[in-house]
There are 2 protein chains.
Amino acid sequence: MNRGRPRSGHVDEAVADAVRALLAEAGYQALSIDGVAARAGVGKAGIYRRWRSKAEMVFAVVVHGPHPVAPADSGSLRADLAALAERIIGLLSGPYARLVLPGLTADLSADPALAARFQAGVIDAERALVAEILDRARARGEEAGDDAAFVHALLLGPIYTYLFLAGGEVPPGLADRLAGTAVAALGTKESP
Amino acid sequence: MNRGRPRSGHVDEAVADAVRALLAEAGYQALSIDGVAARAGVGKAGIYRRWRSKAEMVFAVVVHGPHPVAPADSGSLRADLAALAERIIGLLSGPYARLVLPGLTADLSADPALAARFQAGVIDAERALVAEILDRARARGEEAGDDAAFVHALLLGPIYTYLFLAGGEVPPGLADRLAGTAVAALGTKESP
């Protein structure tokens with residue numbers, strides 16, 4: 001009965017361990033779903049039930065889990081956004097994320113079908129967290145707007161820039177500063 | 001006397017033509033300084049006098065020239081930043097930039113020496129344009145702060161996110177909206 005094969009509840013963990021081990025050994029380009037299945041001792045079908053591509057699998061394992069949830073309600077828009085920004089910084093600056101994200105981004109630009117799946121599975125999932133935070137704020141009577149995609153780009157973009165385009169280090173206090181920036185932008189009427 | 005070799009003043013143009021042609025034929029990974037020198041009919045020394053690496057050469061040719069200048073003084077911080085953001089959008093969304101930037105970013109993360117040169121030659125040059133715009137604003141008495149790196153990340157980051165991480169399209173009005181966001185952030189005192 002598949003002795004040595006992890007049971008269903010352990011597949012996520014076995015796959016995550018295998019992905020990390022193979023990334024450390026040979027990097028992102030060389031990693032394959034076949035290789036991960038063999039290393040994890042799970043069937044490829046079990047992997048494809050969870051993720052539709054290598055890119056989504058790797059992103060889920062090394063950046064965030066398959067079902068990210070919004071930070072706990074802090075009672076203010078600025079603090080909620082700062083908590084989310086802090087989490088994005090943590091996720092993107094981990095050693096495996098640094099190993100994977102630039103190569104993954106290059107794959108996206110070369111493969112429109114992959115980019116569409118990444119958009120649906122990752123970007124839209126993150127934007128939904130922002131939308132939840134904006135909903136909470138509006139329910140409290142805060143000025144929050146409803147453009148989750150823009151607020152998401154205001155947080156993710158500068159973090160990605162510092163980490164992957166401009167030197168590799170995030171300046172101290174960045175999460176709170178980005179949250180303050182987003183709040184200032186949302187509360188400000190457009191100039192004519 | 002080197003018939004067929006472009007004269008010094010034409011080297012930039014010959015190299016630019018060769019880079020674009022080779023990118024269109026075989027993409028960023030396959031491009032080499034040797035190949036560009038041969039195609040352009042210029043000496044490798046002439047290329048290395050201008051750029052210290054393939055990445056810097058390609059970036060200069062397909063994204064911005066070797067010596068970017070700040071947009072003309074519009075008389076307001078917001079309009080100056082919007083003009084710069086509009087230019088960044090134009091630079092990053094051109095067909096060659098789309099072909100090159102993700103692979104170039106992946107190279108940076110794998111090569112610290114290259115990343116350091118990219119930082120000095122490209123990121124610091126763009127930050128200097130932002131610093132010039134902030135200087136102008138302060139001279140007019142506008143609230144502008146002096147953190148050019150942060151303002152640069154506020155412009156470049158969301159643009160990069162929309163173009164290369166989240167679907168490939170920049171929403172209408174983004175440049176002005178980012179400029180307004182930066183101005184709102186700079187004019188707002190930090191919360192305690």
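Protein chains get the first letters and strands the later ones, always in sequence-line order, with residue 1 at the start of each.
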Sub-3.5 Å donor-acceptor pair from the side chain of [X] to the main-chain atoms of [Y], do we have one?
X: A:K54; Y: A:L31; value: yes
X: B:R138; Y: B:G145; value: yes
X: A:R140; Y: A:G75; value: yes

Heaviest contributor of heavy-atom pairs below 4.5 Å to chain B, chosen from A:T105, A:L154, A:L165, is A:L165

Given heavy-atom pairs under 4.5 angstrom as the criterion, report whether the side chain, backbone, both or neither of [X] touches chain B.
X: A:A115; value: neither
X: A:A182; value: neither
X: A:T161; value: side chain
X: A:L104; value: neither
X: A:F150; value: both

Between A:R87 and A:E126, does any side-chain N to carboxylate O distance fall below 4.0 Å? no

Using a strict 4.0 Å threshold on nitrogen-to-oxygen distance, state whether A:R39 and A:D17 make a salt bridge. no

Between B:L101 and chain A, with a heavy-atom cut-off of 4.5 Å, which part of the residue counts as in contact: side chain, backbone, both or neither? neither

When rounded to the nearest 0.5 angstrom, what distance separates CG in A:L156 from OH in B:Y160? 11.0 Å

